[in-house]
Amino acid sequence: MKLKSWFENWAQSANKPFSRKSFLQMLGVGAGALLVNRLSRKAWAKTATTLPPRSARPVTTDCHLAVVTGEAPGVITRKAVETLGGIARFVKSGDIVVIKPNIGWDRTPEQAGNTHPEVVGALVRLCRDAGARVVKVFDNTCNDPRRTYANSGIYDAVKKAGGLVFYVSDWKFYPGQFPPNSAMADWPIFRDAVECDCFINV
């Protein structure tokens, strides 16, 4: 009824007679516009299957695994990275960095369903200190993304540390390019996850 009232007001303001036919025509135009928008996004996703080549960046460290224990998640995260040789081995000045934590569940840090926000915040600060141009943080959540980001504490931790946190958008997925007969053929890839200089899975 509200939609019909809006069309009636529009017709009166435009000095046009309002009828059931004009109402259905307007609905048809709106539905058509939505369909075109959806199809154009899908077409873009199918054509945008290549990324500019990136030069390899070999990284050598004294060890491949660091185990640190302690009470403060942020502190032990920094110690672990230092043990691996420091963040500068991985992140260079001007880099675009992606940090992919687990933000899958609408749970608080005390419930331990996601990556601890202090861990994510510490990594964002380390990357920013190393000169990263931008640090992007996101995950494809299982529960409602807004509640999950907020209740996990990660949204606030990333913003406070100077990172960019955003939700995963369906229209940014496109078919990946894998070898023929690969089990990953046409597997959807999130563009922001690969358009980066450094990807940190935490």
Side-chain angles (χ1 to χ4, degrees), residues 51 54 57-174 176 178 183-184 187-202:
L51 293 171
R54 293 178 293 173
R57 182 188 293 175
V59 176
T60 57
T61 58
D62 295 332
C63 58
H64 298 294
L65 176 67
V67 178
V68 181
T69 60
E71 296 296 326
V75 172
I76 62 176
T77 299
R78 286 179 171 272
K79 286 184 179 179
V81 173
E82 289 170 7
T83 303
L84 292 173
I87 196 68
R89 285 184 180 265
F90 310 97
V91 178
K92 306 302 179 185
S93 179
D95 276 359
I96 296 175
V97 178
V98 166
I99 296 177
K100 191 278 177 198
N102 178 17
I103 328 175
W105 310 103
D106 182 7
R107 300 290 185 271
T108 64
E110 293 75 18
Q111 292 174 301
N114 305 295
T115 306
H116 198 285
E118 291 181 25
V119 172
V120 184
L123 287 171
V124 172
R125 288 188 182 90
L126 285 170
C127 293
R128 297 290 291 172
D129 291 345
R133 177 156 53 98
V134 61
V135 182
K136 300 186 288 186
V137 180
F138 52 81
D139 191 16
N140 198 9
T141 65
C142 297
N143 295 145
D144 176 75
R146 297 186 186 279
R147 288 181 56 86
T148 301
Y149 273 47
N151 292 335
S152 68
I154 292 175
Y155 186 92
D156 288 340
V158 172
K159 299 292 284 186
K160 187 176 180 180
L164 176 64
V165 58
F166 56 88
Y167 307 110
V168 172
S169 301
D170 291 342
W171 67 274
K172 279 193 172 183
F173 282 89
Y174 65 94
F178 298 97
M184 297 287 289
W187 189 268
I189 302 296
F190 186 56
R191 193 174 186 91
D192 281 289
V194 293
E195 288 188 326
C196 62
D197 301 295
C198 180
F199 185 98
I200 301 175
N201 183 26
V202 52

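Just so it is clear, the values below take in all heavy atoms, side chains as well, and ignore hydrogens, waters and symmetry mates.
Under the 3.5 Å distance criterion, the side-chain polar atoms of Tyr149 are matched with a main-chain donor or acceptor of Asp139. Side chain of Asn102 to backbone of Thr115: no donor-acceptor contact under 3.5 angstrom is found. Within the 3.5 Å criterion, the main-chain N or O of Arg133 finds a donor-acceptor partner in the side chain of Arg128. Asp197 places a side-chain N or O within donor-acceptor distance of the main-chain N or O of Ile96, the cut-off being under 3.5 Å. Not a single donor-acceptor pair under 3.5 Å links the side chain of Arg107 to the backbone N or O of Ala112.
Using bins of under 30°, 30° to 60° and over 60° for the plane-to-plane angle, the ring pair Tyr167/Tyr155 lands in the parallel bin.
Atom-to-atom distance recorded for Phe199:CZ and Phe90:CZ is 15.0 Å, nearest 0.5 angstrom. Expressed to the nearest 0.5 Å, how far CD of Glu82 lies from CD1 of Ile76 amounts to 12.5 Å. To the nearest 0.5 angstrom, Asp170 atom CG is 7.5 Å from Asn140 atom CG. Here Arg125 contributes atom CZ and Glu118 contributes atom CD; the two are 9.0 Å apart, rounded to the nearest 0.5 Å. Atom CD1 of Ile87 is separated from atom CD1 of Ile200 by 4.5 Å, given to the nearest 0.5 angstrom. Distance CG/Asn114 to CG/Asn151: 9.5 Å, rounded to 0.5 Å.
Both tests pass for Lys172 against the ring of Phe166: distance under 6.0 Å to the centre and angle within 45° of the axis.
Counting heavy atoms from C-beta on, the side chains of Val135 and Leu123 never come closer than 4.5 Å. Cys63 places a side-chain heavy atom less than 4.5 Å from the side chain of Leu84. Considering only heavy atoms from C-beta on, Asp144 stays 4.5 Å or farther from Asp106 through its side chain. Residues Val137 and Pro101 are in side-chain contact: their nearest non-hydrogen atoms beyond the backbone lie under 4.5 Å apart. Contact check for Pro117 versus Asp156: no side-chain heavy atoms found under the 4.5 Å cut-off.
Scanning all heavy atoms of the two residues, the minimum distance from Asn143 to Trp105 falls at OD1-CA, 3.4 Å. Taking every heavy atom of both residues into account, Phe138 and Ile103 meet most closely at C-CD1, 4.3 Å. Here the closest non-hydrogen pair linking Ala80 and Ala66 is O-CB, 3.7 Å. Contact record, Val119 with Pro73: CG2-CB, 3.8 Å, taken as the closest heavy-atom pair.
Heavy-atom contacts from other residues, nucleotides or ligands closer than 6.0 Å to NZ of Lys79 number 12 or fewer. Within 6.0 Å of CG in Asn201 there are more than 12 heavy atoms belonging to other residues, nucleotides or ligands. Within a 6.0 Å radius of CZ in Arg57, other residues, nucleotides and ligands contribute more than 12 heavy atoms.
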Query raised in the report: How far apart are the C-alpha atoms of Asp192 and Val98, what are their side-chain angles, what is the distance that settles it, and do they pass the side chain to side chain contact (heavy atoms under 4.5 Å, CB included) test?
Result: CA-CA 8 Å; Asp192 281 289; Val98 166; 5.7 Å; no

